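Take a look at the structure below.
Quick caveat: nothing in here was measured; it's all calculated off a predicted structure. Residue numbering restarts at 1 for every chain, and letters A, B, ... go by the order of the sequence lines.
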Amino acid sequence: MISMYKSDHIEKAAQDFWAKEKCFESSEETKKEKFYCLTMFPYPSGQLHMGHVRVFTISDVIARYQRMRGKHVLQPMGWDAFGMPAENAAIKRNIPPAKWTYENIDYMRGQLKRLGYAYDWNREITTCDPKYYKWEQWLFIRLFEKGMVYRKNSIVNWDPVDQTVLANEQVIDGRGWRSDAVVERKEIPQWFMKITAYADELLEDLDNLEGWPTSVKTMQRNWIGRSEGIELSFDIYGSSSKLEIYTTRPDTLMGATYMAVAPEHPLALEASKNDTEIAAFIKDCKKNHASEAAIETMEKKGLSLDIYAIHPITGEKIPVWVANFVLMAYGSGAIMAVPGHDQRDWEFAKKYDLNIKQVIRPNDDVEVNIDNAPYVGKGILIDSLNYSDMTSDQAFDRIADYFESTGKGKRVTNFRLRDWGVSRQRYWGTPIPIIYCDDCGAVPVPEKQLPVILPEDVKFSGIGSPLKDMPEFYNTECPKCNKSAKRETDTFDTFFESSWYFSRYACHDASSGMTDERESYWMPVDQYTGGIEHAILHLLYSRFFQRLMRDEGLSSVSEPFTNLLTQGMVLKDGAKMSKAKGNTVDPQGLIEKYGADTVRLFMMSAAPPELALEWSDAGVQGAYRFLNRLWNAIDSHEIIKNKNFSWELSESQKNLRFKVHSTIKKVTDDIGRRYKYNTAIAGIMELLNTLNKYQPVSPECDILKQEAFEAIVKLLSPITPHICHALWQKLGKEDPLIYASWPNYDENILKRKEIEIIIQINGKLRGKLNIDVDSKQKELESMVMSNDKIIKFLDGKSVKKFIYVKGKLINVVI
RNA sequence: GCCCGGGUGGCGGAAUUGGUAGACGCUACGGACUUAAAAUCCGUUGUCCGAAAGGACGUGCCGGUUCGAGUCCGGCCCCGGGCACCA
């Protein structure tokens with residue numbers, strides 16, 4: 001009886017079976033080892049895109065593999081539901097963000113179910129649900145009372161036409177994306193969380209994250225950017241004010257030839273009062289984009305303030321400049337410039353013809369000419385008074401000692417990491433639970449009044465946040481003095497929601513607290529999978545949040561994610577797929593045409609997870625063909641119920657069995673250790689090719705084929721679970737595949753007596769040789785030297801060296 | 001600009017610890033089956049020379065280490081991600 005592979009029918013049957021059996025619903029009562037397998041939850045943008053399909057499939061393969069390895073697996077799913085696109089959609093289509101979001105979620109949930117992921121849907125979380133964000137408000141208040149959050153002014157991109165704060169991506173060439181108005185930097189008060197208080201811990205604990213890629217750890221290390229330096233102050237000539245600066249290179253202090261301050265620095269503002277040129281320059285600086293990339297790449301400009309600082313050691317007068325690349329938000333808003341030994345200072349000095357002085361020479365006697373380029377390395381001090389001839393490190397210590405003893409400066413550890421600004425002047429986010437009272441100031445909303453609910457039925461104009469036009473929302477009374485007061489109308493950064501959702505999955509319906517005892521069963525996450533684009537912000541904020549929760553007694557875990565797999569982007573035409581670029585590929589059509597298994601298989605076979613995957617429509621067809629070949633091969637196979645290997649295997653049978661067991665070994669390593677699904681699939685395809693070409697020599701061959709097909713179906717089942725569910729039944733198995741365990745291989749079958757090695761002459765491949773595994777170098781030497789082909793290549797030359805790499809190759813050096 | 005990745009046939013990629021470059025798949029071409037087409041099956045497919053046997057070249061570029069380099073080191077070029085309000 002011949003049957004055809006019909007994906008839609010098979011996939012529905014498998015999914016119905018898993019649902020009926022509640023296969024993926026995970027309780028906390030089990031003796032088995034837990035395995036928490038998590039994917040970065042999606043923003044409900046409308047439809048799944050290929051990036052989603054890729055990351056969810058990677059994670060699902062891990063979850064299903066671990067399940068077959070006997071683990072008690074939890075794989076949850078939910079929605080990162082707050083964010084800007086809902087507001088944009090609201091403006092464009094005149095629907096409230098909440099309605100748009102919930103509709104998207106419903107549609108995308110259906111798509112996920114169609115793809116057959118092994119999720120525990122009971123634990124679904126939606127972050128715009130007050131039952132979820134209530135606990136963020138609750139934690140924020142606790143942190144407020146602890147002094148871990150504070151309010152200060154900081155800079156935003158201000159669109160003067162739309163009267164709106166713009167995200168960096170909404171500023172295009174210095175103009176608002178909708179209004180086209182020139183965007184201004186504006187200072188407004190915002191809430192901050194003290195992530196810098198955890199900077200040292202976040203940095204040091206990276207060393208223990210063995211399950212994280214080194215690239216991500218390096219990025220986080222550089223981002224935190226711990227540096228040791230000294231803070232010192234320069235007196236101002238003819239003034240009582242001082243200029244505070246921080247430097248990591250006090251050894252270059254004698255080479256400081258000018259100072260530079262930020263446009264917002266008090267000295268610059270003072271100077272601008274009597275100087276229209278300086279005032280104009282400062283005004284012009286306000287137009288600069290607030291992002292670091294923009295500041296680093298813009299043309300460096302400055303003006304002399306006609307103010308002089310006094311060098312704290314030499315007593316020389318040093319000119320003070322105002323410069324557009326010095327930021328008030330970092331440190332003290334002033335720097336000491338050493339053009340001889342710093343690239344940026346050097347370029348600025350060249351541009352404005354400022355003095356460049358060499359005070360360091362390299363350790364080795366390499367000539368440097370600081371007129372052509374700065375020397376930025378460490379070395380030996382020169383022309384530095386009594387510090388001359390010291391090494392940079394010695395001078396660092398002596399100069400730091402000097403300042404500490406005179407009280408003019410001190411050693412300071414600095415971080416590049418800045419506190420996390422969590423305020424957003426947007427509607428579609430978690431309301432910040434603060435009430436402003438004229439008398440009492442900023443007062444947290446009392447716990448029993450939580451959650452502060454975001455009104456969902458709103459009109460959305462795009463001019464500012466609707467909350468600012470809703471007196472019924474913001475008019476309230478002060479919890480301390482009962483006088484009328486106003487609520488905060490800003491909402492949280494959406495990274496807030498994604499910083500702890502993994503804890504909430506463990507106890508999604510906990511009503512008495514942010515988490516409950518189930519958190520300690522599941523946390524930490526054993527395997528976290530997501531895009532490399534989150535390597536810094538999301539992952540660092542989550543590590544920070546985990547520690548905040550730990551210190552609130554909500555968790556005993558410090559690191560939320562034990563193992564991290566960062567998957568590369570799905571690119572189209574060489575760029576990240578995004579709606580903005582209009583280069584998306586809709587997976588839905590492919591699922592309808594070929595089925596979920598084909599899409600899953602193709603995504604996993606096209607590239608290893610961590611590499612960027614350039615999308616191409618071709619190739620899906622190949623995955624589909626392979627599934628058909630597999631289906632047909634098993635369809636025409638004679639079922640063997642009892643595999644009994646009691647006969648003496650022929651040479652070809654031994655080879656086939658070797659192939660089966662070596663494939664099990666390879667695929668186990670590829671999936672379990674290397675996360676290389678593409679090579680695992682290639683290995684399985686090879687085995688099927690071998691089977692299809694195999695010429696049976698005796699009736700017992702069906703026993704071998706049965707063993708091989710069972711192995712293929714199991715090995716492939718984490719990747720294409722539906723077809724494997726059906727094929728397992730076709731192989732005569734009564735227990736469903738979902739309850740089967742991962743196949744084992746037999747080392748004895750993998751032992752070989754004879755192997756093929758290659759012969760090289762001077763590193764070039766010249767021949768092959770079948771040898772006994774245990775051959776000694778001496779035997780091989782005489783074998784090779786009497787080989788006609790090799791003698792021909794030797795061309796009468798004498799052998800200088802004979803190298804034998806056991807089991808691999810021989811290299812004859814002549 | 002800074003930090004982190006990547007660059008291998010016509011294409012996606014493989015080569016796991018420095019040891020046969022191109023596994024597996026796609027595309028293309030040739031053949032079988034068919035009235036025909038689709039599907040399927042078989043074969044060929046890095047470039048160049050050669051009838052063939054075989055040989056030379058070849059992993060972004062330049063240089064180095066090594067018996068041996070896609071892999072290690074130094075210098076560059078290009079592409080992607082991140083740069084704190086896209087998520």
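Taking the charged nitrogens against the carboxylate oxygens, A:Arg416 and A:Glu292 do have a contact shorter than 4.0 Å, which makes a salt bridge. In this structure, A:Asp669 does not pair ionically with A:Lys665, as no charged nitrogen and carboxylate oxygen lie closer than 4.0 Å. For the pair A:Asp490 and A:Arg424, the salt-bridge criterion is not met [side-chain N within less than 4.0 Å of a carboxylate O].
Nucleotides B:rU47 and B:rA23 place their P atoms 13 Å apart, quoted to the nearest Å. Here the separation of B:rU59 from B:rA15, taken at their C1' atoms, is 11 Å to the nearest Å. Taking atom C1' on both B:rU40 and B:rU17, the two are 43 Å apart, rounded to the nearest angstrom. Separating the C1' atom of B:rA21 from that of B:rG30 is a span of 27 Å, rounded to the nearest Å. On the P atoms, B:rC26 is 12 Å away from B:rC42, given to the nearest whole Å. Comparing the same atom, P, in B:rC24 and in B:rU44 gives a spacing of 11 Å after rounding to whole Å. When the C1' atom is used for both B:rG58 and B:rG7, the distance is 16 Å, rounded to whole Å.
Between the A:Glu610 side chain and the A:Leu565 main chain, no donor and acceptor come within less than 3.5 Å of each other. Within the 3.5 Å criterion, the main-chain N or O of A:Gly595 finds no donor-acceptor partner in the side chain of A:Thr598. Of the possible polar contacts, one joining the A:Ser179 side chain to the A:Ala181 backbone as a donor-acceptor pair under 3.5 Å is found.
Residue A:Gln425 is in base contact, counting any heavy-atom pair closer than 4.0 Å across all strands shown. Nucleic acid contact for A:His538: none, since no nucleic acid atom lies under 4.0 Å from a heavy atom of the residue. Base engagement by A:Trp223 is indicated by at least one non-hydrogen atom pair under 4.0 Å involving a base atom.
When the side-chain hydrogen bond (donor to acceptor under 3.5 Å, both in side chains) test is applied to A:His289, the partners found at least two apart in sequence or on another chain are A:Ser291. For A:Lys659, the side-chain hydrogen bond (donor to acceptor under 3.5 Å, both in side chains) partners two or more places apart in sequence, or in a different chain, are A:Glu686.
A:Tyr132 and A:Trp500 have their aromatic ring centers within a separation under 6.0 angstrom. Annotation: A:Phe545 is in aromatic contact with A:Phe496 [ring centroid separation under 6.0 Å].
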In B/S/- notation (B base, S sugar-phosphate only, - none; protein heavy atoms under 4.0 Å), nucleotides 10-20 of chain B written 5' to 3' is --SSSSB--BB
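Where A:Thr494 and A:Thr218 meet RNA chain B, the nucleotide closest to each residue was compared, and A:Thr218 sits on the side nearer the 5' end. Where A:Glu292 and A:Glu686 meet RNA chain B, the nucleotide closest to each residue was compared, and A:Glu686 sits on the side nearer the 5' end.
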Hey, what are the protein-to-nucleotides 37-43 of chain B N/O distances that come in under 3.5 Å?
none

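Between the CH2 atom of A:Trp346 and the P atom of B:rG1 there is a distance of 15 Å, given to the nearest Å. The nearest whole Å value for the distance from the CZ atom in A:Arg54 to the P atom in B:rG81 is 14 Å.
A donor N or O paired with an acceptor N or O is not found under 3.5 Å between the base of B:rC85 and the side-chain atoms of A:Gln170. A donor-acceptor contact under 3.5 Å is not formed by the side chain of A:Gln220 with the base of B:rC3. Side-chain to base pairing of A:Arg221 with B:rC3: no donor and acceptor N or O lie closer than 3.5 Å to each other.
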List the steps, then state whether ring pair (Phe, Tyr, Trp, His ring centres under 6.0 Å) holds for A:Trp631 with A:Phe626.
CA-CA 9 Å; A:Trp631 180 273; A:Phe626 168 73; over 10 Å; no
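For A:Asn88, no side-chain nitrogen or oxygen approaches OP1 or OP2 of B:rC86 to under 4.0 Å. Residue A:Lys764 places no side-chain N or O under 4.0 Å from the OP1 or OP2 atom of B:rG54.
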Below 3.5 Å, can you tabulate the donor-acceptor pairs from side chains in residues 187-194 of chain A to any protein atom, sequence neighbours excluded?
from: A:Gln190; atom 1: OE1; to: A:Gln425; atom 2: NE2; distance (Å): 3.0
from: A:Gln190; atom 1: NE2; to: A:Ser154; atom 2: OG; distance (Å): 2.8
from: A:Trp191; atom 1: NE1; to: A:Tyr436; atom 2: OH; distance (Å): 3.0
from: A:Trp191; atom 1: NE1; to: A:Glu488; atom 2: OE1; distance (Å): 3.0
from: A:Lys194; atom 1: NZ; to: A:Gly147; atom 2: O; distance (Å): 3.0

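Counting only Watson-Crick or G-U wobble pairs whose defining distances are both under 3.5 Å, the stems of 3 or more consecutive pairs in RNA chain B are B:1-7 with B:77-83, B:10-12 with B:24-26, B:28-32 with B:40-44, B:46-49 with B:54-57, B:60-64 with B:72-76.
Counting only heavy atoms from C-beta on, A:Thr297 has its side chain closest to B:rG1 among B:rC57, B:rA84, B:rG1. Residue A:Tyr541 places its side chain closer to B:rA84 than to any other of B:rC86, B:rG82, B:rA84.
B:rG12 takes the anti form, because its glycosidic angle lies more than 90° either side of 0.
Using modelled atom types, one finds no donor on one side chain facing an acceptor on the other under 3.5 Å when comparing A:Trp212 with A:Gln220.
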